[in-house]
Enquirer: 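Take this structure, written in structure tokens, and hold onto it; I'll ask about it next.
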Amino acid sequence: MATIAVPRVVPSPAEDAAALLKAFQGWGTDEQAVIGILAHRDATQREQIALEYEHKYGESLVQRLQSELTGDFERAVYHWMLGPAERQAVMANAATECLQEECAVIVEIACANSSAELVAVKKAYHALYRRSLEEDVAARATAGNLRSLLLALVSTYRYDGADSVDMELARSEAKAVHEAVRDGGGAGGHEELIRVVGTRSKAQLRATFGCFKDEHRRSVAKALPRGTDPTGYLRALRAAVRCVADPSKYFAKVLRSATRESAGTDEDSLARVVLLHAEKDDMGAICAAFLKRASCTLEQAVAKETSGDYRSFLLALLGS
């Protein structure tokens, strides 16, 4: 279930727009008023507020928010004001600027969305940047295997149903995956891994991963080579496998790493997961998986590792 709390009775877009204008006026921005409105409206309502604000006051609400807010809070609110597909397109574009470090962003967008949602993200990307996501991934991923994997993931249109799993194929491809992992990707092994991960339905892949674990007593992700990974390929492949196998567990791991006190808070990863999932039905399962992994609630971790209006905003999106 989603975690944002939308009131049963919501003011009109005109009333919300007027309240936001009032929050911007005076000696300083009333950030709590901004949070009280925008963190408790769904995507359609936020779009209507933005349209009404521009119509009534002759300026872009998003641009006014950017001028009134600062730091991590400003960046989080900016992304929140974008539509779901457009938000992911903007995040994907930023990730293509440094794909070796940010390949997980592309992997998540490609593997966590349904096929229809991924198409919507790619359409939004095309409209925003006058280029395709595939084009930018191909141009900016310098390593061959990383480029091939990311292109396969963003180009695929997987069958979304769970009613067509071929167990004989799963056993056969689990064997092929094992051979590729055992041989370090040699003799065409990388191509075979990328073909399987990049083309099969999620249900078929989960069956294949299950057969692999049954046979070899460890998951595909844990069987992948560790150690030096200068191109980011193995990190991207491991993320893709985990994201497909168990999305809630994967995102809980991302959030745990982002809020681990010893390493410092990874604001980008924390905000990305919360912003992309607070309105989706999987956020409740992610929070439950986080609690199991971290022995504290996600709200407790966010409250401890963030501060100020940024903390208040994220907590509001999580339902606190």
Side-chain angles (χ1 to χ4, degrees), residues 1-91 113 116-117 120-121 123-125 127-128 267-268 270-284 286-287 297-299 302-303 306-320:
M1 53 180 265
T3 53
I4 66 162
V6 178
R8 291 193 177 192
V9 179
V10 179
S12 69
E15 290 172 316
D16 278 340
L20 286 169
L21 180 65
K22 182 178 179 181
F24 301 146
Q25 295 172 334
W27 286 101
T29 305
D30 184 349
E31 288 88 353
Q32 291 304 308
V34 172
I35 294 169
I37 296 169
L38 297 180
H40 299 285
R41 303 292 184 270
D42 63 30
T44 300
Q45 291 165 340
R46 297 194 303 276
E47 182 182 14
Q48 293 171 343
I49 293 167
L51 290 171
E52 184 66 25
Y53 185 95
E54 184 167 1
H55 174 71
K56 288 185 70 174
Y57 306 118
E59 64 176 354
S60 163
L61 175 57
V62 171
Q63 290 178 2
R64 183 64 186 266
L65 286 164
Q66 288 179 294
S67 70
E68 295 286 339
L69 310 177
T70 59
D72 294 324
F73 179 44
E74 178 272 317
R75 285 189 291 274
V77 172
Y78 164 70
H79 283 117
W80 184 243
M81 287 302 296
L82 302 173
E86 190 178 18
R87 184 185 311 135
Q88 293 181 79
V90 169
M91 290 181 177
N113 282 307
E117 289 169 337
V121 172
K123 286 182 177 179
Y125 194 101
L128 285 169
E267 308 290 359
D268 289 341
L270 171 60
R272 180 177 75 250
V273 177
V274 174
L275 291 167
L276 294 184
H277 295 270
E279 290 182 283
K280 298 183 73 172
D281 290 339
D282 64 350
M283 193 63 198
I286 292 171
C287 289
T297 66
L298 180 55
E299 293 95 323
V302 169
T306 60
S307 61
D309 298 315
Y310 176 60
R311 173 171 59 190
S312 298
F313 183 60
L314 293 183
L315 288 174
L317 296 183
L318 292 171
S320 293

Enquirer: Between atom CG of Asp42 and atom CD of Glu47, what is the distance when rounded to the nearest 0.5 Å?
Expert: 10.5 Å
Enquirer: Which heavy atom of Trp80 sits nearest a heavy atom of Leu38, and at what distance?
Expert: NE1-O, 2.8 Å
Enquirer: So how far is it from Arg272 CZ to His79 NE2, rounded to the nearest 0.5 Å?
Expert: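 Atom-to-atom, Arg272:CZ and His79:NE2 are 10.5 Å apart.
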Enquirer: Applying side chain to side chain contact (heavy atoms under 4.5 Å, CB included) to Ile37 and Ile49, what does each step give before you reach the verdict?
Expert: CA-CA 10 Å; Ile37 296 169; Ile49 293 167; 4.3 Å; yes
Enquirer: So, the side chain of Glu59 versus the backbone of Arg64: is there a donor-acceptor pair under 3.5 Å, distance only?
Expert: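 Absent.
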Enquirer: Cut-off 3.5 Å, no hydrogens considered: what does the side-chain donor-acceptor table look like for residues 309-320, sequence neighbours left out?
Expert:
unit_1 : atom_1 : unit_2 : atom_2 : d
Asp309 : OD1    : Gln32  : NE2    : 3.1
Tyr310 : OH     : Glu267 : O      : 3.4
Tyr310 : OH     : Glu267 : OE1    : 3.2
Arg311 : NH1    : Ala303 : O      : 2.9
Arg311 : NH1    : Thr306 : O      : 3.4
Ser312 : OG     : Gly308 : O      : 3.3

Enquirer: Could you measure the distance from the CD atom of Glu68 to the CG atom of Leu20? Nearest 0.5 Å is fine.
Expert: 10.5 Å
Enquirer: Not counting sequence neighbours, which residues clear ring-ring contact (aromatic ring centres under 6.0 Å, His included) with Tyr53? List them please.
Expert: Tyr57
Enquirer: Look at atom NZ of Lys280 and say whether more than 12 heavy atoms of other residues, nucleotides or ligands are closer to it than 6.0 Å.
Expert: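 Counting other residues, nucleotides and ligands, NZ of Lys280 exceeds 12 neighbours.
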Enquirer: Mind jotting down which residue pairs meet the salt bridge (Lys or Arg N to Asp or Glu O under 4.0 Å) criterion with at least one end in residues 3-23? Sequence neighbours excluded, please.
Expert: Asp16-Arg41
Enquirer: Might you point out which heavy atoms bring Lys56 and Ala14 nearest each other, and give the distance in Å?
Expert: NZ-O, 4.0 Å
Enquirer: Roughly how far apart are Met81 CE and Leu65 CG, rounded to 0.5 Å?
Expert: 6.0 Å
Enquirer: Say whether, by atom type as modelled, one donor and one acceptor occur between the side chain of Gln88 and the main chain of Ala85 under 3.5 angstrom.
Expert: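 A pair under 3.5 Å: no.
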Enquirer: For Gln66, does the CD atom have more than 12 heavy-atom neighbours from other residues, nucleotides or ligands under 6.0 Å away?
Expert: yes
Enquirer: Do Phe73 and Ile35 touch side chain to side chain, with heavy atoms closer than 4.5 Å?
Expert: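 Yes. Closest side-chain heavy atoms under 4.5 Å.
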Enquirer: How far does CE of Met283 sit from CG of Asp281, to the nearest 0.5 angstrom?
Expert: 12.5 Å
Enquirer: What distance separates Ser12 OG from Gln48 CD, expressed to the nearest 0.5 Å?
Expert: 10.0 Å
Enquirer: Return the minimal non-hydrogen interatomic distance between Leu275 and Arg87, and the atom names on each side.
Expert: O-NH1, 3.1 Å
